[in-house]
Amino acid sequence: MEGGGALALPQLRARAGIGSPILLSADPGSARRSSGASGFRGLIRERIRGEQGGVGIGSVTFRRLHPADQELLEFQIVALRTKVPIVNLEVSHHRAVAAVRLLRTEKGKAFVDLLNENGNGSGENEMSYVERTLGFKTRCLDNRDIRLVTVIVAGTVRWKRYLDYLIMSLCSEEKVFREMEPLLLQILRIGFFEILKLNVPAYAAVDENVRLAKVALRPGAGNLVNAILRKLLQLKEANSLPLPKIEGDDRAQARALSIIYSHPVWMVRRWIRFLGKDEAVKLMNWNNSDPHFSIRVNTAKGYTRADLIDRLENLQVPYDKSTMDEFVCIREGMQTVLQAGLLKEGMCAVQDESLVVSVVDPQPGETIIDCCAAPGGKTLFMAARLSGQGKIWALDINKGRLRILMEAAKLHNLDAMISDINADLRLYAKETTAKYDKVLLDAPCSGLGVLSKRADLRWNRQFEDLEELMLVKPGGILIYSTCSIDHDENEHRINAFVQRHPDFVPQSVHGYVPAEFVTHDGFYSSNPTKHSIDGAFAARLVRSVL
């Protein structure tokens, strides 16, 4: 809170009387409160349930608490009855938010992405999720908190298999791990990630995660976190973490590598088969490295890359110039860029350094449909290349993401060039009579080329078939692209498509992209370990006029 420490209980009562949030905080002299007050959430709910005629705890249990704890507990019960929000200042704010976001990510209700400047995620208030999940609010996140949440969430998801193997190894028995409640597991994952990958001081990683477990769950949960984290510290100091050895047959080695480098076993086996073990390890190391982000200057609004660089230098954000004229690479400081409002001004957009738009080669006057347009980076880039002449249709099944795309188009002064189509691609392709000069199909794929940025993709991607689209005019061009480096999703699909549809003929991308990105079959391909950018693929297919 502003202006000093937490309010004393009498002051809290006065604040609560006018409907203000209740602030709970431990002071240096109240260490005794950590154990008694830690199980407050469960005690509060049990007390209220008992008062309502259920089987709840009574005054005998309350009298066992320290008087200060009992007073605070009674006060929180009053707060819950009157629905006064509790702002808990005892727990680590960024860890509480990270734990809840990890829960939501695992349930498929959140993405592992950047939080915006208000601490919001996926378009909704992050704090409301925290309150509903944990039973209390945290203070609003500042810039440092947001950066920490971003790092912890992405890193914990990225290293999930590695962390879970170690957590299970340090539990008294496998059953403890298998039956562990989800929130407790997320707190342990955070603690392990901080100790093993972030080198957070041991006392902070242990104390803060223990406190979070006690307050959000119960004292026993905190005791378990304490025991397991301290055991981890001992093993780390002795350099004796219980990791599997890379030995045995190919399958056994793949299993060991999948744990050490935290990738699905099927993915590791596939890469070893096609790339060899050494290249597979290089690729997994790339995927586990801290991602860098690229931003594209909005030339349609009159900005130049020099203008963008000036702003970055004023913000003291380190950058590298890309080989692509419109792009700048940022390895750290993305939150600073967001906070400064560069995206809201329409000066730039976050976009991967993919050369797919160069493969499309948008020309003024053309009609182009982007078949899986959201979140819209390629759509905006193509529209800017049309120089005010022509039209882009942005099609996507997700109405909310299309709305965000169109808002971005307005910021970039490109809304007159772009029209959105909210539809299922399969149905639209069958029902429409419209034909386009160029069709960009950024196809659903495993995302195996962007695993450093999208840590969650390695755990939940599925394969889908290439759609047989006939939206291309005779003489027009179909551009098929993926963010994958898997031959089955790329070259093999194109070959199969051309065999079924001989009226489509592959055209080399030579001349549209630098030679180092052109395969021997004339396709565009970028490789993370070779080119130091995300993996991607694109093919140009010309439809005959006959």
Side-chain angles (χ1 to χ4, degrees), residues 92 94-95 98-99 102 148 150-178 180 184-213 221-265 267-269 271-272 276-291 332 451-452 455 458-459 529:
S92 168
H94 72 268
R95 289 181 178 89
L102 285 167
L148 286 170
T150 302
V151 170
I152 289 173
V153 172
T156 302
V157 172
R158 184 178 291 118
W159 288 101
K160 182 173 70 171
R161 183 172 176 82
Y162 169 80
L163 299 175
D164 284 359
Y165 178 87
L166 290 174
I167 293 171
M168 184 169 63
S169 298
L170 300 189
C171 285
S172 57
E173 53 183 310
E174 186 174 329
K175 182 180 178 182
V176 174
F177 175 80
R178 297 297 180 194
M180 191 174 291
L184 178 56
L185 177 57
Q186 300 302 345
I187 294 172
L188 275 172
R189 285 171 175 168
I190 290 172
F192 272 57
F193 175 70
E194 289 182 320
I195 290 170
L196 296 173
K197 297 299 179 181
L198 289 186
N199 293 318
V200 171
Y203 70 89
V206 174
D207 292 352
E208 295 296 344
N209 285 295
V210 167
R211 183 178 295 114
L212 177 58
N223 294 338
L224 179 62
V225 171
N226 182 61
I228 294 177
L229 289 184
R230 291 192 181 280
K231 190 183 297 185
L232 173 69
L233 287 171
Q234 293 175 356
L235 293 172
K236 182 188 177 187
E237 290 172 3
N239 196 27
S240 56
L241 293 175
L243 290 174
K245 295 181 179 179
I246 306 171
E247 59 185 15
D249 59 19
D250 292 346
R251 181 170 299 189
Q253 291 190 38
R255 280 199 301 269
L257 289 168
S258 76
I259 292 169
I260 295 170
Y261 295 100
S262 194
H263 280 68
V265 177
M267 200 176 286
V268 177
R269 294 190 67 192
W271 286 345
I272 290 176
K277 187 193 300 183
D278 291 344
E279 286 300 315
V281 169
K282 286 181 184 179
L283 185 54
M284 288 188 285
N285 277 325
W286 166 272
N287 295 338
N288 288 332
S289 64
D290 292 331
E332 57 183 49
L451 295 186
S452 66
R458 69 184 69 179
W459 308 119
T529 60

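Atom set for the values below is all heavy atoms of this structure, side chains included, hydrogens, waters and symmetry mates excluded.
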Query raised in the report: Does the pair Leu102 and Leu185 meet the rule for a side chain to side chain contact (heavy atoms under 4.5 Å, CB included), with working shown?
Result: CA-CA 10 Å; Leu102 285 167; Leu185 177 57; over 6 Å; no

Inter-residue atom distance [X].[atom1] - [Y].[atom2], 0.5 Å rounding:
| X | Y | atom1 | atom2 | result |
| --- | --- | --- | --- | --- |
| Phe192 | Ile228 | CZ | CD1 | 6.0 Å |
| Gln234 | Lys231 | CD | NZ | 8.5 Å |
| Thr529 | Asn285 | OG1 | CG | 10.5 Å |
| Phe177 | Leu170 | CZ | CG | 11.0 Å |
| Ile187 | Met180 | CD1 | CE | 10.5 Å |
| Leu229 | Lys236 | CG | NZ | 12.0 Å |

Non-hydrogen atoms of [X] and [Y] that approach each other most closely:
| X | Y | answer |
| --- | --- | --- |
| Gly222 | Val210 | O-CG1, 3.6 Å |
| Val151 | Phe193 | O-CE2, 3.8 Å |
| Ser169 | Pro242 | CB-CG, 3.8 Å |
| Ala254 | Val268 | O-CG1, 3.9 Å |
| Val200 | Ala205 | CG1-N, 4.0 Å |

Requested in this report: Could you list the residues that satisfy side-chain hydrogen bond (donor to acceptor under 3.5 Å, both in side chains) with Arg255, not counting sequence neighbours?
Outcome: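 In terms of side-chain hydrogen bond (donor to acceptor under 3.5 Å, both in side chains), with neighbours along the sequence ignored, Arg255 is linked to no residue.
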
**Report entry** Test side chain to side chain contact (heavy atoms under 4.5 Å, CB included) applied to Leu283 and Met267, step by step
**Finding:** CA-CA 11 Å; Leu283 185 54; Met267 200 176 286; over 6 Å; no

Query raised in the report: Side chain of Ser262, backbone of Arg158: donor and acceptor closer than 3.5 Å?
Result: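 At least one qualifying donor-acceptor pair exists.
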
Query raised in the report: Between Lys197 and Gly155, is there a donor-acceptor pair closer than 3.5 Å when you use the side chain of the first and the backbone of the second?
Result: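 Not a single qualifying donor-acceptor pair exists.
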
Query raised in the report: Should we say atom CG of Asp250 is surrounded by more than 12 heavy atoms from elsewhere, each under 6.0 Å from it?
Result: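 Result for CG/Asp250: open.
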
Beyond-backbone contact of [X] with [Y], side-chain heavy atoms, under 4.5 angstrom:
| X | Y | result |
| --- | --- | --- |
| Tyr162 | Leu196 | yes |
| Leu243 | Leu166 | yes |
| Ile152 | Leu198 | yes |
| Leu241 | Leu232 | yes |
| Ile190 | Leu212 | no |
| Glu194 | Arg95 | yes |

Query raised in the report: Can you name the one residue among Leu184, Asn209, Ile167 that meets side-chain contact (heavy atoms from CB on, under 4.5 Å) with Arg189?
Result: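 Exactly one option meets the side-chain contact (heavy atoms from CB on, under 4.5 Å) with Arg189, and it is Ile167.
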
Query - Counterpart residues, salt bridge (charged side-chain N to carboxylate O under 4.0 Å, His left out), relative to Glu279 (two or more places apart) - result: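 Only Lys282 meet the salt bridge (charged side-chain N to carboxylate O under 4.0 Å, His left out) criterion with Glu279.
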
Report task. With His263 as reference, evaluate Trp271, Trp159, Trp286 under the ring-ring contact (aromatic ring centres under 6.0 Å, His included) test and give the passing residue. Result ->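 Only one option passes, and that is Trp271.
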
Query raised in the report: Of Lys277, Lys245, Arg269, which is the lone residue that meets side chain to side chain donor-acceptor pair (under 3.5 Å) with Gln253?
Result: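 One option only clears the test, and that one is Lys277.
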
